[in-house]
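Okay, so here's the structure we're looking at.
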Protein chains: 2
Amino acid sequence: MARIKDVAAHAGVSVATVSRVLNDNPSVTEETRNRVYAAMTALNYRPNAVARSLRTEATRTLGLIIGDILNPFFTELARAVEDEARLAGYTVIIGNADERADEQDHYVRTLLERRVDGLLICPTAEVTSLIEEVARAGRPLVFLDRTLPGIEVPSVRVESAAAIGELIGHLKALGHRRIAFISGPATLSTGRERTEAFRAAMAAHGLAVPPEYLEAGDFREGSGRAGAARLLDLPEPPEVIFTGDNLMTLGALGEIRARGLRIPRDVALASFDDVPWFVHVDPAITAIAQPTAELGRAAVRMILNRVEGRPAESAALPAQLVVRTSCGETPYGGGPAAARGAGAGDPGQGDERSRS
Amino acid sequence: MARIKDVAAHAGVSVATVSRVLNDNPSVTEETRNRVYAAMTALNYRPNAVARSLRTEATRTLGLIIGDILNPFFTELARAVEDEARLAGYTVIIGNADERADEQDHYVRTLLERRVDGLLICPTAEVTSLIEEVARAGRPLVFLDRTLPGIEVPSVRVESAAAIGELIGHLKALGHRRIAFISGPATLSTGRERTEAFRAAMAAHGLAVPPEYLEAGDFREGSGRAGAARLLDLPEPPEVIFTGDNLMTLGALGEIRARGLRIPRDVALASFDDVPWFVHVDPAITAIAQPTAELGRAAVRMILNRVEGRPAESAALPAQLVVRTSCGETPYGGGPAAARGAGAGDPGQGDERSRS
DNA sequence: TTGTAAGCGTTATCAC
DNA sequence: GTGATAACGCTTACAA
């Protein structure tokens with residue numbers, strides 16, 4: 001592999017000059033510049049970013065640690081982060097924590113050793129001593145989607161309460177009263193927030209939440225399935241199951257289908273977190289969409305501010321209710337008090353939110 | 001940030017000794033080793049992987065360039081690659097080519113500059129000069145999922161012909177004769193292979209393929225939708241639409257739903273490439289599942305062989321037909337002669353393939 | 001068992 | 001406008 005020294009020799013200049021050409025230093029004659037370029041192509045020269053980073057103390061690399069790479073929410077988030085970082089000339093290394101604190105710490109360690117310029121973390125439940133240390137050391141760090149109590153780090157998160165309130169109002173207007181929630185883990189800030197918002201919205205609408213209508217899930221398919229099973233086995237099962245994320249929705253859907261129940265006639269379903277295929281289940285699933293891509297982009301802008309020494313301010317982006325047909329919104333769906341004006345939209349399909 | 005020199009000073013030893021401790025060199029006394037460890041924790045020392053890589057000429061990093069990060073097939077692939085690489089102590093940098101040759105080349109360049117130890121590429125259509133150069137230079141490189149004609153590089157791919165043959169047999173046994181295919185791009189090896197296998201299987205079963213039953217798609221949702229639209233507009237539309245990948249299935253499904261058609265009564269649907277939510281559409285979609293995770297793991301083993309100087313042999317892993325209900329497999333599905341018996345299983349759900 | 005010192009491929013300072 | 005050269009933080013002969 002050709003080195004800068006080879007290029008210099010081939011072009012009949014010093015390594016310093018080649019370096020200047022590489023870094024677009026204006027104080028190089030057009031003529032020598034061209035000679036150097038010629039030498040580079042002749043030798044198939046690729047600058048060694050490792051050596052450069054050692055010298056400049058910058059890697060132009062960002063580390064991103066996500067909760068679960070098989071969750072489409074995080075995939076979309078990663079894509080947005082990657083796109084925005086690329087625009088700014090940065091590469092992203094993605095670490096999949098698989099919702100485990102030890103895996104998360106493993107990635108924090110490798111990313112730190114690799115000297116990434118900034119760290120974007122969707123933190124798992126625990127406040128590990130490593131995370132504390134990193135935050136205390138003041139290294140460029142931004143929390144994404146989730147936050148950690150007692151740790152002072154700028155963050156970008158989703159403001160979910162308003163949309164959840166809207167959903168409960170929507171359900172109540174449809175005639176539903178018995179609404180159950182399969183929550184995310186209380187150890188995660190997002191889990192806590194959604195549960196709190198659900199409770200508050202129910203109270204605000206004068207609806208009761210018996211304890212057995214609050215199922216504790218863990219943001220994974222299995223818990224959605226198990227939670228739905230327990231709810232459906234109740235002497236008085238809920239009219240609506242509201243799930244706390246898209247994977248638990250997948251699980252709940254599986255359980256409902258396995259029992260041969262019909263949505264929304266036998267039980268209605270609503271989901272926090274929207275994914276593209278929700279439109280294609282029959283009936284299409286009413287969901288709360290998160291501003292996922294914007295979340296990722298905002299986080300990159302924030303971490304780059306930190307990296308480049310500018311201040312960074314935490315932000316919360318609003319989620320949005322997307323009404324479809326899984327809660328008895330249309331007469332065809334077979335909801336409890338369904339009555340619907342004519343010519344109102346395309347029932348089978350729901351909307352098509354654009355997902356860039 | 002503490003350097004090895006600081007640790008050495010703090011422990012009262014030379015940097016060489018600290019380095020030996022870092023690299024588990026056995027020729028260090030238990031006693032000094034402990035002193036060094038103590039110094040490391042006291043100083044919160046993190047070895048600088050950049051400096052280490054410069055010296056050792058190895059980064060313990062693999063580059064993976066995928067076709068489209070929003071396609072669940074590639075996500076699952078990436079996850080498997082990451083898991084297997086991690087087991088071997090490697091980090092993976094994922095580049096999303098977005099099915100564009102220039103993006104792909106961009107990532108090849110950055111990954112080369114970052115001196116990754118090996119490169120895993122799902123190549124886009126074009127044989128770019130950069131890819132040719134890399135292959136010619138003999139750098140550790142493995143093609144994943146797709147191959148490039150005329151380029152001698154070890155590869156791991158899916159053997160799809162057998163499963164496609166099986167699907168056509170299955171459809172014929174169900175009484176279908178007019179079967180259309182929405183293909184992937186002929187510029188991609190996977191696109192060509194699936195189309196070829198489809199043609200061969202149809203011929204083998206004595207079924208005709210009129211040219212208008214072969215829609216040219218591009219492995220993205222839009223082309224699936226457009227292709228389905230053209231097929232359904234035909235004077236004699238097909239009985240079955242077979243789509244060449246999961247995103248085109250999403251598109252076709254959207255078009256079918258938008259027209260208010262019922263599956264499989266009005267038109268049957270089968271998909272090459274299976275994703276978890278296919279089980280939850282009603283009816284569940286009959287699909288050909290790819291050994292995605294194994295594909296990723298095999299590719300990592302292969303590239304590590306190349307990296308460590310061992311020979312690597314190309315491999316092809318078989319895809320597998322997963323029969324569900326979108327092709328009229330059950331009378332309940334609303335096939336031509338729909339009539340439903342009591343208590344017969346769980347039609348809405350189809351099977352649940354385990355996806356590790 | 002431990003230390004000294006050269007060198008990895010850059011960038012940047014200082015001369016010229 | 002260009003060149004010599006020290007330095008970045010490590011690893012690894014080679015010496016002691």
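Throughout, protein chains are lettered first and strands after them, A, B, ... in sequence-line order, and every chain is numbered starting at 1. Computation of the quantities below employed the complete heavy-atom set of this structure, encompassing side-chain atoms and omitting hydrogens, waters and symmetry-equivalent molecules.
- Applying the side chain to side chain contact (heavy atoms under 4.5 Å, CB included) criterion to B:Ala58, with sequence neighbours excluded, gives B:Thr56, B:Asp117.
- In this structure, the side chain to side chain contact (heavy atoms under 4.5 Å, CB included) partners of B:Ala2, at least two apart in sequence or on a different chain, are B:Asp6, B:Leu43, B:Tyr45.
- By the side chain to side chain contact (heavy atoms under 4.5 Å, CB included) test, B:Ala137 is found to be paired with B:Arg139, residues two or more places apart in sequence or in another chain being considered.
- Applying the 4.0 Å criterion to OP1 and OP2 of D:dT2, one finds that A:Ser27 has every side-chain N and O outside that range.
- Note on the helix from C:dT1-D:dA16 to C:dC16-D:dG1: angle between the axes of the first and last five pairs equals 40°, rounded to 10 degrees.
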Determine all donor-acceptor pairs shorter than 3.5 Å in which one atom belongs to a side chain in residues 306-313 of chain A; sequence neighbours excluded.
residue, atom, partner, partner atom, Å
A:Glu308, OE1, A:Arg310, NH1, 3.3
A:Glu308, OE1, A:Arg310, NH2, 3.0
A:Arg310, NE, A:Asn305, OD1, 2.8
A:Arg310, NH2, A:Asn305, OD1, 3.1

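- With sequence neighbours excluded, no residue forms a side chain to side chain contact (heavy atoms under 4.5 Å, CB included) with B:Ala38.
- For the pair B:Phe219/B:Leu247, no side-chain contact is recorded, criterion being any heavy-atom separation below 4.5 Å from C-beta on.
- In this view, A:Arg86 and B:Glu103 satisfy the salt bridge (charged side-chain N to carboxylate O under 4.0 Å, His left out) rule, not counting sequence neighbours.
- Residues forming a side chain to side chain donor-acceptor pair (under 3.5 Å) with B:Asp98 (at least two apart in sequence, or on another chain): A:Arg79.
- Applying the side-chain hydrogen bond (donor to acceptor under 3.5 Å, both in side chains) definition to pairs two or more places apart or across chains, those involving residues 143-152 of chain A are A:Glu99-A:Arg146.
- When DNA chain C is scanned in the 5' to 3' direction for atoms under 4.0 Å from non-hydrogen atoms of chain B, the outermost contacting nucleotides are C:dT1 to C:dG9.
- Among residues at least two apart or in separate chains, there is no salt bridge (charged side-chain N to carboxylate O under 4.0 Å, His left out) pair with a member in residues 59-69 of chain A.
- No contact: B:Ser53 has no heavy atom under 4.0 Å from any strand.
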B/S/- contact track for nucleotides 8-16 of chain D, protein heavy atom under 4.0 Å
BBBBBB---

